[in-house]
Each structure stands twice: as structure tokens, then as C-alpha cells.
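Taking it in order: structure first as C-alpha cells, then the write-up.
Only heavy atoms go into these numbers, but all of them, side chains included; no hydrogens, no water, no symmetry mates.
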Amino acid sequence: MHDSSLASLPPGSEPSRRSFLIGATALGSSLVVGFSAKSDAVPDAAKPGANPFVGYVQIAPDDTVTIHSSQMDMGQGIYHGIATLVQEELDADWSKVTVVGEAGNTALYGNIPFGGKIQMTGGSSGTASSWERYRRAGATARTMLIAAAAEHWNVPVAEIKAENGVVSHASGKSATYGALAASAASGPVPTSVALKQPSEWKYIGNVALPRYDSRPKSNGTQRYTIDLREPGILTAVVIHPPLFGATLKSFEGSKAKAMKGVVDVVEIPRGVAVVATGMWEAMKAREVVTVEWEDTNAEKRGSSEITAEYRAAAQKGGEVVAANVGDVDTAFVKATKVIESQYEFPYLAHAPLEPINAAARMNPDGTLEVWGGHQMPDLYQAVAAKVAGIAPDKVILRVMKTGGGFGRRASVDSDIIVEVVATAKAIGWKAPVKVQWTREDDMRAGHYRPAFIHKMRAGLDENGNLIALRDTLVGQSISKGTVMEAGLVKNGVDVLSVEGMANQPYAIPNLRVDLTTTTSPVSVLWWRAVGSTHTAYALEAFIDEIAHAVGKDPVEFRLAILKDKPRHAAVLQLAAEKAGWNTPPPAGRFRGVAVAESFHSYVAQVAEISVDNKGLPKVHRVVCAVDCGIAVNPDQVRAQMEGGIGFGLGAILKSQITLDKGRVVQGNFDGYDVLRINEMPSVEVHIVKSSAPPTGVGEPGVPPIGPAVANAMFKATGRRIRILPFANSENS
């Protein structure tokens, strides 16, 4: 660390966190620049046993620029976004820029919207967390390179420019960034740097900037955890309990161990691991292991029984209040018309293309390396250390790109980390081990979006004004009983259960949102857009019912009660305008609309559908308007809206996880259906031009699509879809 000083965080940061530690170091002949987000301004590198200072930007003598990302990339494009932020200020040779994931230094890589105390990728917060510090890192590196050149050439700094990886002077002198890296690293670190004004931006907002990682993803050379081939590595598959909440009583693995390629069959905290020289050998050997389970406390109900209990609970009203405005009870007494509806949502799997996996190796120096899609690295580092029986600073996490996540790789129980470290330990650390789940493993022993019921009630006055709204929610808490409980469960309310409803945007004078939290051994987890995946559907479908009941246009009705929410209203108006809402749709087609905010981004969608001979919707066109603040990469914003729409469509039309006597019925995509390519509609994305700080786009495209299609279905058929998925027999 050559020098340090304080610089302000973006406006609005809490005072205790309003500091960056600026630092630079020479790594070989490289220049490395980074900032600390810790409130005490003491880098982890200065503490005994901590990981060395790595930083955000590394410029090597060969002109390569390596950006060390605090966020992990699971296809959402955050590596490209962070690279764009650095590039805007650094202006390197884009063809020589690459990004790698980092972990193990919360001072550098803590997630700022989450308080900077934990490193995590989630909540569509990656760009917001990176917006200031990665631009500042690029600007600092550029300033130091220019200063080094000015000293070498004995010319004023103001006469030097730096672009496309080259520092130059009007005299004809020039040098590449790599050639100046070592001398720049030995120079003073600027106490402050000026960031470019929006009018000066060359890359931020540029639709033509190609993704730096498009080539390896296109030609198949991109390396994922599933591709890991460390020397001598073994592969393990795990036998999980067939019922949630069951535990291992005994097992017999001698037949499996006698099979070719099988190394061992061992007990681990989450079941039995079969370790072999390859995946096929492990899978075949797993079939002959006999296991006895203790299932006294296991979930043995089927989906129909769980739903019946949820329905009964909803009738009683919520046990705790999540939001309470005005006097709902009195308003309902005064109402001249009352509307009631109930919406039911199933468990949903994440179903990423690459099932979860991780690899672990104990090194001769006592360090433990763990490869994987580390979405919550601080937690995973601590858990890996505990399972291995070593200090956390002995755990080195290798952050891999991953083939999809949707929340699945942020497991609060650290399931895959426990399994891989415990398996490697159980075989005496004699070889690196990769634990690979199959699709069936993840479908039947994974984590799910919790099932929920919303019992909705609205009160209208004699003029058709919405004067009261009550929503009673029934479902499992994602946070309760986990390390996240203290931060996310307040007065008995898991904020993830009610987000999107407790903070609903409409001007309703009397509002009550109450909640009954159910318990079950079935493991639940955040799923792309989390609570808003059910709250937005329930709210937007119900608002449409109310608009119809009072004979008002759904868009105009919403705009009238969004009077205090200009950003909601703006995306709604934009989507309606671009969809031609006030003009007739093509013959045989029908339109529906919805608007939702999630993770501080605002999205409205108009769906245009027809109805097939089975009475199910065919979605032809979706017009989407999004306000995510400054669009760092407009093409990536569009891609995430498109992906979110496809992801959400498959879920609301066809996807569900069901239980039969406690066992998950679905095992693969033959039973858990998702959207197929021939079912993907034409999608138009319109981005609101904004000067507000950027927010996220990885998840907010999901919530509005379900209710938009449901509302179009009502236009087409007169039927309200209140039980998901649409293909559910109860909707026929």
C-alpha cells in the first residue's frame, strides 16, 4: 500500500460507511488500484492472516487489464457492466480487458447497498454497488499513468492524453499503459480524482460496446465449474434424503465400492457421497447404495394438503401485520361495493442450465481451495472453514462463472459448500473432489420459491374510488431460521414475503397487509425477483379486477392512483404508448398491462396474446418500459428484460413443483416445464432516459409479465387466472 486517503461515497450513504481507502501497489511490474468500503478505513490486508491486497484494476506490462470483480457473473452480464465502468475512466485497449471474480476481502469487495459488511451478489445490486468505486478505480489508474508519463517526459500533466491503452503527448511521445505500469505503481496515489461528466461519457450508455466475453461464450471455450479438470480430481454425487427433514440412519456401500472407478462411499452431513474417478461411475455406483433414513420429523404432506391448510389459514386472517394505513375495518363498513379474490402460487425450482456444483482441494501448505459459483463468498468461506476445521483465512475461494443462478447459488445453508468440503475431508483430503448435482438432485432435493396464497379484498365508494385494500398472505419465510433472520425478519414479518405488497405504490387511503408464516422442512430460497414474483401478480391482477368492476380503463385507472409515484406512472405511460394501447390490437389478439417496482427499478409491460385450442395463452408480443436509472449498458438492459420476460412466462404458464406424500414429483424438464424457444414472444424494450444513479435489471423484468398476461387472458376469455400455473387443471 503506497498511500491512502479518504474519499466520499455517493450521496445517501450512511455516515459510518462514507469512506473509501484508496491504495495502489506494485504486483510484479503491474499497477493495481483498489478502494476499501469499510467504515474504519483499515484494509483487510493490514490485518494479520488476511488475504493480500488485490484491488479492482490491474494493468500488466503486456498491456492486459484485469478487473477484479466484487460480483459474480451468472449470465446477467455484471462482469461486462463493471468492465464498462472501469473502461469509461481508464480508456484501455478493450480487446485486452478481462474480468475475474474475487473473494475473501470484504473491505474491498463488500456490497455497498447491503452496507459494505458482506460480499454478496444479489438483489439486482451489482451495478449500484460498483457504480462509484469501479469508475474511481479506473480514473485513479489513468491519473497515475499520466503522472508517470509526465515525469518521464518532463511535460505538464495537462498536455497528456490517455485513450485506447496509450498515453501520448503532442510532441509525438507515447507509451502503452503496460509500459508505464511499474513506474505508475511507484508514484503517489492521488487523494481525489475527477470523474467524467455524463456529457463526456464514451462507453457508458453506448449500445455499440461489444461484450468483452462474447467470444468464449459463443465458441464454447468459456470455463465453468462443471468443466473443472484439476489434476487427479475425483467426482462425487450425493444421495440426499427423499423427504425434506429426514436424516441419515445407516447405509451400506460395499457393492458400490466394488465397482470400477469407485474410490469411496462416505457419510457427510447432508447424506451419503459416492466418490469416483468420473461422473458416470459415481452415478452408476449411487444406484446400488442402500440407505435407511430417519423421517420422524420429515415433511410427509402432499401439495393438495399443504394448499388446503394455506387456504384455511388465509380465511382466518394474517397473524402479524406488515403494513397498516388508515382504518381498513371502518372503510370496509362504509364501502358501497366489496370485491374479493384469492391467488395461489406453487413452489418453483430455479432450474439453472448448469446444476449446482463445487470443487475442493486441500493444499500442502494447509490452505483449502474451493471452486464454484460463490454468490455469497463471505458465508461460504466461513462455512468451508468450519467444516474443514481450519481458520477462515486458510480458505481460498475461486469464483467461477456459472451457467445460471436465479438465486439458487446464494444458498443460506451453503449446501454445496458443506457437501464438497465434507466429502473431500471424509476421504482424507487425498485428492481434489468435485461434487456435481444432477438435474434430478436439484429438482427433488434443492431449494424453491415458496408457495404462497394471497387473499385480497377491496372496498369501493359510491363513485368507484378504491378506498380500502387488504391482503392476507400465507407462506413460508425464506429468512426465518437462517443467518439472514436478524436482518430480514422484523416483528415477525419476513420482508421478503411481503415486498412489493407492503410497499405497494397506489394511493389507497386505507391499507392492511397481514401475514401468516407457515413452517415446513421443505427448503425455500429467494428466486429471481423474490417476493415480487407473487406479490406483483396478486396486486396487478386484482387492480385489473377492480378497474373492470368500476368500468374504467386499466391504464387510466392505475395512473389515477399513481399520482404520488411518477416513475411508476412514467413507465406505465411509455409501455402503453409504445404498445398502441388506445388502438385496437390485431384480430384475435388481446392486451393486458401490469407495472411493478422491484429492487428500485420500475418496469411496465403490455402483453399481447391469443388463446389456443386448449384455452391457454399464446403470447405474441410484449412491450416493456424500464426505468433503471442510468443505463450503463443499454443492450444488456434489453437482454435482461427479455430474459426476465421469458423466465417469468415459463413460470406462470407451466412451471410448478408439487409434492406427493412429501416427495417432489418433478425430476427434470420433462416434468418441470419451462418456456421453449418457439414460445418466446417478440419483445420490445424501451429504456427511460434518466440521470438517476443506476439500479438493477437482473430481476425486475420478471414480476410484471405474469399479471400482464393474466389481464390479457381476461380480455380474451372473461376468465381470471387465480391459481398458477395457467396450465393448472383448476383453471380449466
Side-chain angles (χ1 to χ4, degrees), residues 9-10 20 31-37 54-59 64-114 116 119-142 193 195-196 201-207 209-214 216-217 222 373-375 377 399-402 405 599 628-637 639-640 693-699:
L9 277 170
F20 281 135
L31 168 65
V32 184
V33 176
F35 311 98
S36 170
V54 175
Y56 298 150
V57 181
Q58 178 181 345
I59 303 172
T64 56
V65 176
T66 301
I67 298 168
H68 299 267
S69 174
S70 65
Q71 305 291 296
M72 58 90 72
D73 198 306
M74 57 194 108
Q76 83 277 36
I78 190 61
Y79 279 8
H80 179 61
I82 287 176
T84 303
L85 299 179
V86 172
Q87 177 70 357
E88 185 59 71
E89 299 293 340
L90 179 60
D91 206 345
D93 180 345
W94 186 245
S95 68
K96 295 183 179 180
V97 171
T98 191
V99 186
V100 296
E102 291 294 347
N105 192 333
T106 308
L108 282 169
Y109 305 121
N111 187 301
I112 293 175
F114 293 166
Q119 184 182 357
M120 179 181 178
T121 303
S124 297
S125 63
T127 302
S129 183
S130 308
W131 172 244
E132 173 89 2
R133 55 183 169 182
Y134 278 94
R135 286 188 300 145
R136 194 170 294 279
T140 300
R142 183 172 179 271
V193 290
L195 300 180
K196 291 182 182 179
W201 287 343
K202 181 178 176 182
Y203 300 103
I204 292 173
N206 186 343
V207 296
L209 187 67
R211 274 187 61 155
Y212 86 94
D213 59 350
S214 292
K217 287 191 171 183
Q222 180 63 64
H374 301 313
Q375 199 169 345
V399 183
M400 305 289 288
K401 285 189 177 180
T402 188
F599 307 106
C628 57
I630 295 166
V632 174
N633 299 114
D635 191 57
Q636 194 63 27
V637 173
Q640 285 301 293
T695 48
V697 293
E699 298 166 89

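- Judged by distance alone, the side chain of D73 and the main-chain N or O of Y79 form a donor-acceptor pair under 3.5 Å.
- For K202 and D91, the salt-bridge test passes: some basic side-chain N is under 4.0 Å from an acidic carboxylate O.
- Under the 4.5 Å side-chain criterion, counting only non-hydrogen atoms from C-beta, C628 is in contact with V637.
- For E699, the salt bridge (Lys or Arg N to Asp or Glu O under 4.0 Å) criterion is met by no residue, not counting sequence neighbours.
- Both tests hold for R135 against W131: distance to the six-membered ring centre under 6.0 Å, angle to the ring axis within 45°.
- Using a cut-off of 4.0 Å between Lys/Arg side-chain N and Asp/Glu carboxylate O, K196 and E88 are scored as salt-bridged.
- Side-chain contact check for T64 versus T98: every heavy-atom pair is 4.5 Å or farther apart.
- At a threshold of 4.5 Å between non-hydrogen side-chain atoms, the residues E102 and S69 do not count as touching.
- Closest approach of I67 to I82, counting heavy atoms only: CG2-CG2, 3.7 Å.
- The shortest distance between side-chain heavy atoms of V65 and Q58 does not fall below 4.5 Å.
- For the residue pair N111 and S125, a side-chain donor N or O sits within less than 3.5 Å of a side-chain acceptor on the partner.
- A donor-acceptor pair is defined here as one N or O able to donate and one able to accept, closer than 3.5 Å; such a pair exists between the side chain of Y109 and the backbone of G55.
- Of the possible polar contacts, none joining the S124 side chain to the F599 backbone as a donor-acceptor pair under 3.5 Å is found.
- In this view, D213 and R211, P216, K217, K401 satisfy the side chain to side chain contact (heavy atoms under 4.5 Å, CB included) rule, not counting sequence neighbours.
- Counting heavy atoms from C-beta on, the side chains of Q375 and M72 come closer than 4.5 Å.
- Here the side chain of Q636 pairs a donor or acceptor atom with the backbone of Q76 at under 3.5 angstrom.
- Expressed to the nearest 0.5 Å, how far NE2 of H68 lies from CG of L108 amounts to 10.5 Å.
- A donor-acceptor distance shorter than 3.5 angstrom exists from the side chain of W94 to the backbone of P210, with no hydrogens or angles considered.
- When each of N633, V86, L209 is tested with Y203 by the rule side-chain contact (heavy atoms from CB on, under 4.5 Å), just one qualifies, namely L209.
- Side-chain atoms of S129 come within 3.5 Å of backbone N or O of I112 as a donor-acceptor pair.
- Classified by interplanar angle (parallel below 30°, tilted 30° to 60°, perpendicular above 60°), the ring pair Y212/H80 is parallel.
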